[in-house]
Amino acid sequence: MDLSLEASLPYRLLALLVLAFFYGVYLAKQERQRRRGIQTMQIGSRSDAQTRTVERLMSIATVGIVPAQLMSIGFGWSHLPAGARFTGFCVALLGDIIFLVSVLCMKDSWRAGIPDQDRTELVTDGIYAFSRNPAFLGFDLQYIGVMLMFCNLLTGMFTVFAIVMLHQQILQEERYLTAAFGEEYRAYQRRVFRYLGRRMNVTLKKRQLSDAGDRAAGFHD
């Protein structure tokens, strides 16, 4: 009998808390912006067919995954060992935290979908200095974490579908932001990775390479 901490945790409760926190943040932010006269939900507002199609598929994926997750939790459909389930909880919790921080850093520029007329500011500080899409990263980690806690064919299929569609949405938003902000956004792209990480400053990197070369030359002399 496995009496380890990982095996004894109440994964149903933990998964429900992860989902409640995540979607609580989402709805609370949406409600706060509504009270300030800001329309958060902009999915499907663009006139071009490709954008609308991707956003609608993304909506189907991100809405459909919720009942799939809840069914899996309710029926206890899990086919992974306790260690993987504990890892899943940690990953999902990290996703919650990243999503919360990204929403807070975005302030009133946060939108769901690509706006048609609504112009927002380009946010590049806070967590956005280390990820161009931390909110999407939070979604992905939450999906993956819950899937590891309650791994079955249903959650697996919806998780893959949702992550693929969120990535397609990211690519669309990158094209929109490039058109809207031009060189400012292109410079940001060169500086910060799409999901996580940032490039070393080119000038600083050259200086470090030069210093390393000087030290090597001095050593050989």
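Just so you know, these numbers use all the heavy atoms, side chains as well, and skip hydrogens, waters and symmetry mates.
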Item to check | Within one Ile-Leu-Val-Met-Phe-Trp-Tyr cluster: M147 and L14, side-chain cutoff 4.5 Å | outcome: no
Checklist entry - Mind checking what makes side-chain contact (heavy atoms from CB on, under 4.5 Å) contact with I170, not counting sequence neighbours? => result N133, F136, E174, R194, Y195
Next on the checklist: Looking at every non-hydrogen atom in both residues, tell me the closest pair between Q189 and T178 and how far apart they are.
Outcome noted: OE1-OG1, 4.0 Å
Checklist entry - Do any N or O atoms from the side chain of Y128 and from the backbone of M106 form a donor-acceptor pair under 3.5 angstrom? => result no
Checklist entry - Can you tell me how far OH of Y176 sits from OG1 of T51, rounded to the nearest 0.5 angstrom? => result 11.0 Å
Checklist entry - Minimum heavy-atom separation for C105 to I127, with atom names? => result SG-N, 3.8 Å
Item to check | Min side-chain heavy-atom separation L17-L13 under 4.5 Å | outcome: yes
Next on the checklist: Nearest 0.5 angstrom please: I144 CD1 to C151 SG, how far?
Outcome noted: 11.5 Å
Checklist entry - So do R190 and Y185 actually touch side chain to side chain, heavy atoms under 4.5 Å? => result no
Next on the checklist: Is the ring pair F99/F139 parallel, tilted or perpendicular, if the boundaries are 30 and 60 degrees?
Outcome noted: perpendicular
Checklist entry - Do Y143 and L166 come close enough that some side-chain heavy atom pair is under 4.5 Å? => result yes
Checklist outcome for this item: Minimal heavy-atom distance between Q142 and Q69, with the atoms involved, is OE1-NE2, 3.0 Å
Item to check | Side-chain donor or acceptor of N152 paired with backbone N/O of W77 under 3.5 Å | outcome: yes
Checklist entry - Just wondering, more than 12 heavy atoms not from E183 lying within 6.0 Å of its CD? => result yes
Checklist entry - Can you list the steps and then say if E184 with L122 is a side-chain contact (heavy atoms from CB on, under 4.5 Å)? => result CA-CA 9 Å; E184 182 183 4; L122 179 63; 3.8 Å; yes
Checklist entry - Which is it for V146 and F89 under the side-chain contact (heavy atoms from CB on, under 4.5 Å) test, yes or no, and what are the steps along the way? => result CA-CA 7 Å; V146 173; F89 169 65; over 6 Å; no
Item to check | Any donor-acceptor N/O pair, S78 side chain to M149 backbone, under 3.5 Å | outcome: yes
Item to check | Heavy-atom side-chain proximity of K107 to V123 below 4.5 angstrom | outcome: no
Item to check | Heavy-atom pair with the smallest gap, counting every atom of Y11 and A82 | outcome: OH-O, 3.5 Å
Item to check | Connected via hydrophobic side-chain network under 4.5 Å: L154 and I60 | outcome: yes
Checklist entry - Are R32 and D108 ion-paired here, with the side-chain N under 4.0 Å from a carboxylate O? => result yes
Checklist entry - Given the rule that I, L, V, M, F, W and Y join up when any side-chain heavy atoms are under 4.5 Å apart, are L93 and V66 in one cluster? => result yes
Checklist entry - How about Q169 and E173: does a side-chain donor come under 3.5 Å of a side-chain acceptor? => result yes
Next on the checklist: Quick check on the hydrophobic clustering: are M71 and L19 connected, directly or via other members, by side-chain heavy-atom contacts under 4.5 Å?
Outcome noted: yes
Checklist entry - Are any non-hydrogen side-chain atoms of L100 and I98 less than 4.5 angstrom apart? => result no
Checklist entry - Backbone N or O of G83 within a donor-acceptor pair of the T87 side chain at under 3.5 Å? => result yes
Item to check | R52/E55 under salt bridge (charged side-chain N to carboxylate O under 4.0 Å, His left out): CA gap, chis, key distance, verdict | outcome: CA-CA 5 Å; R52 289 200 310 273; E55 290 191 339; over 6 Å; no
Checklist entry - How long is the gap from CZ on R186 to CZ on R191, to the nearest 0.5 Å? => result 13.5 Å
Next on the checklist: A cation-pi test, strictly: NZ or CZ of R85 under 6.0 Å from the centre of the six-membered ring of F150 and no more than 45 degrees from its axis. Yes or no?
Outcome noted: yes
Checklist entry - Within the side chain of R198, is there an N or O that forms a donor-acceptor pair under 3.5 Å with the backbone of F130? => result no
Item to check | Linked, directly or transitively: V103 and L137 (ILVMFWY side chains, under 4.5 Å) | outcome: yes
Item to check | Nearest-0.5 Å distance, CZ of residue R132 to OH of residue Y188 | outcome: 7.0 Å
Item to check | Validation row: L153, M157 side chains within 4.5 angstrom (heavy atoms) | outcome: yes
Checklist entry - If you measure from CD1 on I73 to CG on L16, what distance do you get to the nearest 0.5 Å? => result 4.5 Å
Item to check | Flag if over 12 foreign heavy atoms under 6.0 Å of CZ, F75 | outcome: no
